[in-house]
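Below is one structure, written out as structure tokens; the observations come after it.
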Amino acid sequence: MISKQSWADAELIWDFHQMHHEPRPCSVAVGLGSHDLGVADATVDLYRRGMAPLIVFTGATSRTTQERMPRGEAVHYRERALELGVPPVDVLVEPKATNTGENIRFTRELLEEKGVEVESILLVSKPYEERRAYATARKLWPEVEIVSASEPTTFRQYVNSIGDPRLVFDMLVGALQRLQSYPRQGFMVALSVPDGVLAAFRRLCDDGFTGRLVRLPVI
């Protein structure tokens, strides 16, 4: 049984993870691969709204996607986009990335190889990964403007779509831990975290939502 306090804490962290950027036209839309086809759907929706003339899907496979997406996350995302009517010429695939840093670096290399001039990126991720993806892109591609986006959904709707509240809570806590620790390791820029969000994080950890925490190096 998950307490009302834990639900409130998780929803607070959920809201913090989102950048609340207003979508606007960018040079390219980049969909970050994951288990969630909602990222592909959100990217296609933004493309249809004229927010980007070109889509790049990036991602290999992971332990959580190798069965559902055996051909690779980016490949499955592209197939989804084509099913939704996006012309093949407007969808590029970066199939090698296995983490967010590689998503950004390999996408940048791909677009440079294709001769695509990039001044701004519409960076599409899962809702609770917006802030971490933004901080990573700011570190690895600082000269371009980053606009964050994700599938428009509420916290409760997302939890219901996954069907496992504890898993979602674990993911929220894990993403926040990385947001705090990865800047010290040079993986992303540092972004401030409000005291209330930190307090919610500590309470959720104390309540056992630690399944997605990573072991941090001793510094």
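What's counted below: heavy atoms across the whole structure, side chains too, no hydrogens, waters or symmetry copies.
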Looking at CG of Leu123 and CG of Leu32, how far apart are the two atoms once the value is rounded to the nearest 0.5 Å? 4.5 Å
Interatomic distance, OG1@Thr43 vs CZ@Arg48, rounded to 0.5 Å, equals 12.0 Å
Between Arg49 and Asp45, does any NZ, NE, NH1 or NH2 come within less than 4.0 Å of an OD or OE carboxylate oxygen? yes
salt_bridge(Glu94, Arg108) N-O dist < 4.0 Å: no
Counting heavy atoms not belonging to Asp195, are there more than 12 under 6.0 Å from its CG? no
Is there a side-chain contact (heavy atoms from CB on, under 4.5 Å) between Ile55 and Asp90? Walk through the geometry before answering. CA-CA 6 Å; Ile55 293 171; Asp90 289 345; over 6 Å; no
About how many Å separate CZ of Arg138 and OG1 of Thr136, when rounded to the nearest 0.5 Å? 11.5 Å
Do Glu102 and Thr98 pass the side-chain hydrogen bond (donor to acceptor under 3.5 Å, both in side chains) test, and can you show the C-alpha distance, the side-chain angles, and the key distance before you say yes or no? CA-CA 6 Å; Glu102 290 182 351; Thr98 60; 2.8 Å; yes
Inter-residue atom distance Ser125.OG - Tyr134.OH, 0.5 Å rounding: 13.0 Å
Is there side-chain contact between Phe201 and Gln177, with heavy atoms separated by less than 4.5 Å? yes
Does any non-hydrogen side-chain atom of Pro87 lie less than 4.5 Å from one of Leu82? no
Do Glu145 and Ile121 pass the side-chain contact (heavy atoms from CB on, under 4.5 Å) test, and can you show the C-alpha distance, the side-chain angles, and the key distance before you say yes or no? CA-CA 6 Å; Glu145 179 186 7; Ile121 297 172; over 6 Å; no
Please say whether the positively charged group of Arg156, taken as NZ for Lys or CZ for Arg, lies over the ring of Trp7, i.e. under 6.0 angstrom from the six-membered ring centre and within 45 degrees of the axis. yes
Between Phe209 and Arg166, is any pair of side-chain heavy atoms under 4.5 Å apart? yes
Would you say that Arg71 contacts Glu79 through its side chain, given a criterion of any heavy-atom pair below 4.5 Å between the two side chains? yes
Hey, what's the ring geometry for Tyr158 with Tyr128, parallel, tilted or perpendicular (30° and 60° as the breaks)? perpendicular
How far apart are the C-alpha atoms of Ser34 and Tyr77, what are their side-chain angles, what is the distance that settles it, and do they pass the side-chain hydrogen bond (donor to acceptor under 3.5 Å, both in side chains) test? CA-CA 9 Å; Ser34 72; Tyr77 276 21; 3.0 Å; yes
For the residue pair Thr153 and Ser161, establish whether any side-chain heavy-atom pair is separated by less than 4.5 Å. no
Does the Lys NZ or Arg CZ of Arg132 fall within the cation-pi geometry relative to Tyr182 - under 6.0 Å from the ring centre and within 45° of the axis? no
Are the side chains of Trp141 and Glu143 in contact, using a 4.5 Å heavy-atom criterion? yes
Answer whether the closest heavy-atom distance between the side chains of Leu172 and Arg212 falls below 4.5 Å. no
Report the C-alpha distance between Ser27 and Glu119 in whole Å, list the side-chain angles of each, state the deciding distance to 0.1 Å, and finish with yes or no for side-chain hydrogen bond (donor to acceptor under 3.5 Å, both in side chains). CA-CA 6 Å; Ser27 305; Glu119 296 182 356; 5.3 Å; no
Go through Asp170 and Leu204 one step at a time and tell me if the side-chain contact (heavy atoms from CB on, under 4.5 Å) criterion holds. CA-CA 9 Å; Asp170 280 347; Leu204 289 175; over 6 Å; no
Closest heavy-atom pair, His35 versus Ile162, reported as atoms and distance to 0.1 Å, is NE2-CD1, 4.2 Å
Would you give the length of the straight line joining atom CG of Leu179 to atom NE2 of His17, rounded to the nearest 0.5 angstrom? 7.0 Å
Do the charged groups of Asp36 and Lys126 touch, with an N to O distance under 4.0 Å? no
Do Val168 and Phe155 touch side chain to side chain, with heavy atoms closer than 4.5 Å? yes
When you look at Leu176 and Phe16, which way does the side-chain contact (heavy atoms from CB on, under 4.5 Å) test go after all the steps? CA-CA 9 Å; Leu176 189 56; Phe16 172 71; 3.8 Å; yes
Say you draw a straight line from CG of Leu110 to NZ of Lys96; how long is it, rounded to the nearest 0.5 Å? 9.0 Å
